[in-house]
Amino acid sequence: MSSALLYVVSFLVALGVLITVHEFGHFWVARRLGVKVLRFSIGFGTPIWRRRSKDGETEYVIAALPLGGYVKMLDEHEGEVSAQERHRAFNNKPIVTRLAVVAAGPAFNFLFAVAAFWVMFMIGVPGVKPLIGAVEPGSYAQQAGFGAGDEILSIGGRKTPTWETARLAFLEAALARSNVPVSVRDDHGKVVRRVLDLAHDTSQIEPQDLVGKLGIVPWRPPAELGRIVPGDAADKAGLKAGDRIVSVDGKPVKYWSDWVAYVRGHPGQTIHAVVDRGGHRFDADITPGVDKRGDKTIGLVGVHIPDSVLKKLTAEVQYGPVKAFAAGAGKTWDMSVLMLRVLGNVITGHASLRNISGPLTIAQYAGESAALGFLPFLTFLAVVSVSLGVLNLLPIPVLDGGHLMYYLIELVKGSPVSEQAQIAGQRIGILLLLMIMALAFYNDFLRLFY
């Protein structure tokens, strides 16, 4: 499958799954609480598939435009309702019922994320240990005493077995703008405590570059060779385990990733390498084999990264069923709170507007995660599901959060919000959504083309 097709298919699958989960929440709770559901639609516009339920009450639809969905319920505000069915109309249900039906969509998004994280933690989530390779002079990290070889064990009391967990913890600390204690194991094996001073930073926060902004350069494995595959290009060129690549075609090579990228970019082309073996340097001509992967052709030479490096670099987070469920629920909660804090900082100007992503970026991440396998794609679905849950609960008219706001006002004042106020709110809500969408598309454009 080509990269472009993989991105499109992955994006559509992700949208289909998450929209179905959200709308099924509204549908399931409405049916359980006695509301008649007329239509359950995935997508908008012209139906491309439809079917009626056995009782004939509900029409199930898949529509042509897959950028959302809806559940149409019996409602006197949207048409005539017979006297016999007035008790099943949404608008005639108690306010608690209406609150439950509207809140069910976002709630099911959160439940899906909990379930996804639960499965992941039971299977085991692989990651890269948060090892520091270098510290920038004059940076926050240097001022706090961090050094090359430190392994980050916890941030603010939260364990950080992987770079993913460390980045999230650093982001929370940056958003809180406070001093944060960090526990590390230094290159001598001693556990020490550092304190990062983030209380006085007034610049905008961009999560993508936060670790770099703190002055921390993650450790990267050197271009040292591990096991050599017999008969492959590296073996034919006389390379052995323990050799270190110094340069290729006159270009210095420092890290394993540099070596891999160069080899993959030169399938079938002879490359000239300078190799260090125990302090002695020699030249080697290597012709990478040709391997077809989807619509890409890459070069391979039959070399593995050393096992000692893998052991030093990789980590896996895995729990039993009960602890995995608690970890999944905790991660969903933490991500929800974090997203709200990021949004709050965007509004106040403390976080960059570039944190808002649109459908093009989501499609890109969908394709990239799907190409990596089931667990990365499941992680992507869980993260986006949390985002949908949080965004839909924002008190913006036309979103679920706007309807919840109206019902809560009705609960307090004892009467519904006036029709004029709801119409005005809808106009404001649509304007806000259009502005957010325009910003998201603009950010997508910048990420993809600049």
Practice task
Not counting sequence neighbours, list each pair that qualifies as a side chain to side chain donor-acceptor pair (under 3.5 Å) and has a residue in residues 99-127.
Solution key: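 Residue pairs passing side chain to side chain donor-acceptor pair (under 3.5 Å), neighbours aside: His22-Asn109, Asn109-Ser385.
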Tell me, which pairs form a salt bridge (charged side-chain N to carboxylate O under 4.0 Å, His left out) where one or both residues lie in [range], sequence neighbours left out?
range	answer
residues 148-163	Asp150-Arg194, Glu151-Arg185, Arg158-Glu172, Arg158-Asp334
residues 303-332	Glu164-Lys331
residues 220-229	Arg220-Asp258

Practice task
Mind jotting down which residue pairs meet the ring pair (Phe, Tyr, Trp, His ring centres under 6.0 Å) criterion with at least one end in residues 271-290? Sequence neighbours excluded, please.
Solution key: none
Enumerate donor-acceptor pairs with a distance under 3.5 Å from any side-chain N or O in residues 100-107 to protein atoms, sequence neighbours excluded.
none

Problem - Residues that Arg50 engages under salt bridge (charged side-chain N to carboxylate O under 4.0 Å, His left out), provided they are two or more places apart - result: Glu59
Practice task
With sequence neighbours excluded, tell me which residues meet side chain to side chain donor-acceptor pair (under 3.5 Å) with Asp291.
Solution key: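 If we apply the side chain to side chain donor-acceptor pair (under 3.5 Å) test to Asp291, skipping adjacent residues, the hits are Arg293.
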Handout entry: Closest contact, heavy atoms only, Pro161 versus Pro130
Key =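 Scanning both residues, the minimum pair turns out to be O-CD, 3.4 Å.
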Exercise for the section: Can you see which heavy atom on Pro288 is nearest to which on Ala233, and at what distance? Expected result: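 Minimum heavy-atom separation between Pro288 and Ala233: CA-CB, 4.3 Å.
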Set of residues satisfying side chain to side chain contact (heavy atoms under 4.5 Å, CB included) with respect to [X], sequence neighbours excluded:
X	answer
Ala234	Ile228, Leu239, Val301, Val303
Ala169	Ile155, Thr160
Ser369	Pro376, Phe377, Phe380
Val217	Ala134, Glu136

Exercise for the section: Kindly assign one of parallel, tilted or perpendicular to the pair Tyr406 and His403, based on the angle between their ring planes and the thresholds 30° and 60°. Expected result: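 Ring orientation, 0 to 90° scale: perpendicular.
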